[in-house]
*Asks:* 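My structure is below; once you've seen it, I'll send some questions.
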Amino acid sequence: MTTTSSRAPAAATSAPPSRRRGRGWARRLRQDWWIYLFLLPTIVGYGAYTIYPLLASWWYAFLDWPGFATAGTFIGFENFERLIGDDLFWNAFWNSLVFLVIAVPLRVGLALLLALVLNAKRTPFKGFFRTLFFLPVVTTGAIVGVVFTLLLDASGPVSLSLVWSGLIDSPANFAADAGTSLYAGIAVWVWKWLGITLIYWLAALQTIPQGVHEAAMIDGAGAWAEFRHVTMPLLVPFLVIITLIDTVAAFNVFDLMQTLTGGGPSFSSEVIEIFIFRTAFQANVPQLGYASAAAVLFGVLTVLLALAQAVGMRWARGRMGGS
Amino acid sequence: MTARLLRRPSARQVVTVVVLAVLGGLWVYPFLWLVSASLKSSPEIFGSGLGLLPKEPVWENYTRAWTEVGFGSYFLNTLLITAGTVLLVVVRSALAGYVLGRYDFIGKKFLIGLFLVTFFLPEGYTIIPITQLTDQLRLLNTHAGVILGLGAGGQIASTLLYAGYFRRLPKELEETARLDGAGPITVFFRVMLPLAWPITATVVILTYLFAWNVYLLPLVFTLSEPDLRTLAVGMTVFMGERSTDWAGMAAAAVISLIPVIAVFVALQRKFVDSIAGAVKQ
């Protein structure tokens with residue numbers, strides 16, 4: 001009772017000052033000095049470590065810059081011209097895209113399937129299984145990469161059990177074969193991160209009220225019909241956000257890929273981040289400008305691809321709606 | 001009710017459990033294999049087929065990794081860097097989240113817009129300017145440099161989590177404290193921050209995971225300073241320098257993973273809720 005009665009006058013007295021908003025910025029700034037004090041660490045830190053690097057990358061992309069100790073010289077679009085003719089850049093670009101296009105649907109789809117099973121009322125040991133699948137999520141990507149070089153060794157357990165079960169004829173190391181190294185990376189990545197997407201989906205499924213399920217049962221809908229017509233439409237907004245989160249994650253695979261394959265053999269699994277790292281930090285003469293240009297160009301190309309996809313989907317939907 | 005509980009499991013349930021168990025086995029086997037390998041001798045790791053039990057546990061692998069290879073000091077570095085980053089992120093995002101969640105001020109919309117635009121910026125693409133900045137601040141090859149590199153930028157999710165929580169707290173809290181003559185800074189540290197402990201726990205967990213597991217930034221920052229290596233960086237150096245000491249490598253991996261896995265097992269519920277809560281936001 002007392003709280004409700006005290007809230008009314010508080011609101012009444014605090015309303016007028018906010019209505020006088022237009023009366024002088026200077027006064028407001030002076031009055032709110034402590035707010036900016038609170039924001040100071042974020043403004044300084046975020047400005048220096050997020051905004052500045054973002055803008056600086058664009059400037060660096062136009063420099064010939066052979067190392068942090070030296071000053072760069074402006075060379076215009078030369079870096080970009082070189083990149084466009086650089087087969088290794090396009091190789092890394094396509095590898096990153098292949099990674100994205102295969103790994104993200106796999107991770108999102110498998111996690112959804114598992115989430116549906118683990119969300120079902122009658123599934124036993126749910127918490128236990130959820131913990132199992134989540135375990136790799138908390139581990140260090142670089143260490144997982146190293147450990148999987150051992151697990152995937154031709155005389156290691158993966159190869160041995162595949163031979164033993166008759167799936168392959170002779171021992172093989174999928175991470176060291178130019179034809180399969182990228183896919184080995186994808187498999188390990190999905191294994192490592194499936195658990196977190198599973199948690200996203202379980203959280204999404206929790207938002208579907210139980211009543212919806214019961215109504216569908218009463219209407220005599222089977223499990224598939226219920227999923228297709230009841231659950232799925234409710235999950236679409238989550239599908240969009242989860243796919244987005246996992247897509248960004250698929251551009252952050254440096255730790256795993258660098259330690260698992262190092263981009264090899266012969267660049268077969270070199271993703272764009274490894275290309276940037278190699279050009280900037282591992283070459284005899286660091287090419288910081290060239291590496292920055294690669295980062296910028298990759299960023300622009302992915303934004304363009306995303307836009308093209310969005311436009312394409314809209315067009316397709318428009319056609320479907322029209323016919 | 002009891003009849004339902006006592007009912008024998010249906011065929012479908014049995015199939016579900018079997019499929020889940022096989023999949024779960026795939027998820028847990030690498031860890032079991034790793035622990036087993038860390039207790040074998042190097043030739044035994046690849047010589048004994050699929051067997052997990054070592055003939056005789058070789059504890060010496062652990063002492064070799066800890067002292068000879070330097071995982072003792074890598075461990076300490078990682079601990080320092082993680083603690084520093086967690087502290088920096090909590091203070092920074094709690095302060096910012098508080099004013100963003102509860103007050104109106106000039107520039108607020110601009111700030112939030114900036115956060116949203118850069119929310120999905122992948123980390124690997126700004127490593128060159130960050131290295132250059134750290135170099136100019138003369139912080140390259142220091143713990144502080146790595147901590148700032150990890151915690152000073154980004155971390156928008158933490159700020160937004162705090163902002164969302166503080167927005168929901170009732171207004172009277174501050175007004176009562178203000179009437180008692182407390183300034184905004186006292187109110188924040190005495191009243192608001194203690195109230196936000198569930199968010200602080202979430203932010204600590206998420207940042208701890210991030211800082212313990214991060215690889216690229218410490219790798220680049222320590223290229224010329226081996227003493228500063230973290231566990232993740234040390235592991236890959238190990239692989240490069242003693243490529244046949246598989247048992248030592250496995251032991252080093254176990255040492256590196258124990259702190260995250262132990263905390264996860266102890267705080268499972270909170271982990272899962274943190275991540276589920278963060279995504280719901």
Side-chain angles (χ1 to χ4, degrees), chain A residues 6-7 10 18 25 28-29 32 34-35 38-39 41-42 45-46 48-50 52-54 56-57 60 68 117 122-124 129 131-133 135-136 138-143 146-147 150-151 153 155-157 160-161 196 199-200 203 248 251-252 254-255 259 273 280-281 288 291-292 295 299, chain B residues 13 16-17 20 24 27-28 30 33-34 46 49-50 92 95-96 98-99 103-106 118 120 122-126 128-130 132-133 135 149 152-154 159 171-172 175 184-185 209 212-213 215-216 220 223 232 235-236 239 246 249 253 256-257 260-261 264 268 272 275-276 279-280:
Chain A
S6 71
R7 187 175 286 159
S18 60
W25 278 33
R28 261 190 93 197
L29 286 175
D32 291 347
W34 66 274
I35 288 184
F38 273 42
L39 285 171
T42 295
Y46 203 71
Y49 284 89
T50 302
Y52 163 76
L54 202 60
S57 293
Y60 296 164
F68 287 108
V117 173
R122 286 184 305 174
T123 306
F129 283 119
T131 305
L132 274 193
F133 292 119
L135 190 59
V138 303
T139 59
T140 312
I143 289 169
V146 171
V147 170
L150 303 178
L151 283 164
D153 192 275
S155 46
L160 281 183
S161 42
I196 201 166
I199 300 297
Y200 298 157
V248 176
F251 287 133
N252 282 308
F254 177 80
D255 50 358
T259 51
E273 296 161 275
F281 300 104
L288 299 172
S292 298
Chain B
Q13 266 175 314
T16 313
V17 169
L20 280 176
W27 254 252
V28 83
W33 184 88
L34 181 64
F46 291 122
L50 288 167
R92 211 198 88 192
L95 283 169
Y98 175 60
V99 290
Y103 294 94
D104 227 359
F105 54 90
I106 296 168
T118 52
F120 287 114
E123 286 151 54
Y125 304 91
T126 51
I128 294 169
I130 289 181
Q132 190 244 5
L133 175 73
D135 189 28
T159 309
K171 214 175 174 110
E172 291 85 62
E175 274 154 9
I185 295 168
L209 271 189
W212 192 274
N213 292 337
Y215 178 59
L216 177 62
V220 170
L223 283 175
M235 190 73 200
T236 51
M239 188 171 70
W246 302 305
M249 239 183 268
S256 314
L257 294 182
V260 266
I261 292 183
F264 165 62
Q268 269 190 61
V272 169
I275 283 158
V279 76
K280 272 181 190 163

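Chain letters run A, B, ... following the sequence lines, proteins first, then strands; residues in each count from 1.
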*Asks:* Working to the nearest 0.5 angstrom, can you tell me the gap between Asp153(A) CG and Trp246(B) CH2?
*Replies:*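 It is 7.0 Å, given to the nearest 0.5 Å.
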*Asks:* Among Gly141(A), Ala280(A), Ser57(A), which has the most heavy-atom pairs under 4.5 Å with chain B?
*Replies:*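 Heavy-atom pair counts peak at Ser57(A).
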*Asks:* Atom CG in Asn213(B), atom OG1 in Thr139(A): separation rounded to 0.5 Å?
*Replies:*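 Atom-to-atom, Asn213(B):CG and Thr139(A):OG1 are 6.5 Å apart.
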*Asks:* Of all heavy-atom pairs between Gly153(B) and Thr50(A), which one has the smallest distance, and what is that distance?
*Replies:*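 Answer, listing the atom of Gly153(B) first, then Thr50(A): CA-OG1, 3.3 Å.
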*Asks:* Using side-chain heavy atoms (C-beta onward) and a distance below 4.5 Å, is Leu39(A) in contact with Val99(B)?
*Replies:*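 Touching, per the 4.5 Å side-chain cut-off.
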*Asks:* Minimum heavy-atom separation for Phe38(A) to Pro184(B), with atom names?
*Replies:*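 Taking every non-hydrogen atom into account, CZ-O, 4.0 Å.
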*Asks:* Counting heavy-atom pairs closer than 4.5 Å to chain A, which one of Thr16(B), Thr159(B), Val220(B), Asp135(B) comes out on top?
*Replies:*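 That would be Val220(B).
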*Asks:* OG1 of Thr126(B) to OH of Tyr52(A): how many Å apart, nearest 0.5 Å?
*Replies:*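 Reported to 0.5 Å precision, the distance equals 11.5 Å.
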*Asks:* Given heavy-atom pairs under 4.5 angstrom as the criterion, report whether the side chain, backbone, both or neither of Tyr60(A) touches chain B.
*Replies:*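 Looking at Tyr60(A), just its side chain touches chain B.
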*Asks:* Only counting residues at least two apart or in another chain, list the ones meeting ring-ring contact (aromatic ring centres under 6.0 Å, His included) with Phe129(A).
*Replies:*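 With sequence neighbours excluded, Phe129(A) shows a ring-ring contact (aromatic ring centres under 6.0 Å, His included) to no residue whatsoever.
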*Asks:* Quick check on Leu209(B) against chain A: is it the side chain, the backbone, both or neither that has a heavy atom closer than 4.5 Å?
*Replies:*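 The answer is the side chain of Leu209(B).
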*Asks:* Indicate the atoms forming the closest heavy-atom contact of Asp104(B) with Asp32(A), along with that distance.
*Replies:*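 Scanning both residues completely, I find the closest heavy atoms to be O-OD2, 4.0 Å.
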*Asks:* Go through the atoms of Leu223(B) and report whether side chain, backbone, both or neither lie under 4.5 Å from a heavy atom of chain A.
*Replies:*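 The answer is the side chain of Leu223(B).
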*Asks:* Which region of Phe264(B), side chain (C-beta onward) or backbone (N, CA, C, O), has a non-hydrogen atom less than 4.5 Å from a non-hydrogen atom of chain A, or is it both or neither?
*Replies:*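 Contact with chain A: side chain only.
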*Asks:* With only heavy atoms counted, which part of Val260(B) is less than 4.5 Å from chain A, the side chain, the backbone, both or neither?
*Replies:*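 Both parts, backbone and side chain.
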*Asks:* Do you know which two heavy atoms are closest between Thr259(A) and Met239(B), and how far apart they sit?
*Replies:*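 That would be O-CE, 3.6 Å.
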*Asks:* Let me know if Asp255(A) has heavy atoms under 4.5 Å from chain B in its side chain, its backbone, both or neither.
*Replies:*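 Contact with chain B: backbone and side chain both.
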*Asks:* List the steps and the verdict of side chain to side chain contact (heavy atoms under 4.5 Å, CB included) for Trp27(B) and Thr131(A).
*Replies:* CA-CA 10 Å; Trp27(B) 254 252; Thr131(A) 305; over 6 Å; no
*Asks:* To the nearest 0.5 Å, tell me how far Trp34(A) CH2 sits from Ile185(B) CD1.
*Replies:*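 Between Trp34(A) CH2 and Ile185(B) CD1, I get 9.0 Å after rounding to 0.5 Å.
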*Asks:* Name the option with the most non-hydrogen atom pairs under 4.5 Å to chain B; the candidates are Ala295(A), Pro53(A), Ala48(A).
*Replies:*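 Sorted descending by pairs with chain B, the first entry is Pro53(A).
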*Asks:* The criterion is side chain to side chain contact (heavy atoms under 4.5 Å, CB included); which residues satisfy it with Ala232(B), sequence neighbours excluded?
*Replies:*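 Expected list: Thr140(A), Ala142(A), Tyr215(B), Thr230(B).
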*Asks:* Looking at Ala291(A) and Ile128(B), what are the two nearest heavy atoms and their distance?
*Replies:*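 Residues Ala291(A) and Ile128(B), closest heavy atoms: CB-CD1, 3.6 Å.
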*Asks:* Counting only non-hydrogen atoms closer than 4.5 Å, does Val117(A) touch chain B with its backbone (N, CA, C, O), its side chain (CB onward), both, or neither?
*Replies:*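 Only the side chain of Val117(A) comes within 4.5 Å of chain B.
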*Asks:* Look up atom OH in Tyr103(B) and atom CD1 in Ile35(A), then write down how far apart they are to the nearest 0.5 Å.
*Replies:*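 Those atoms lie 7.0 Å apart.
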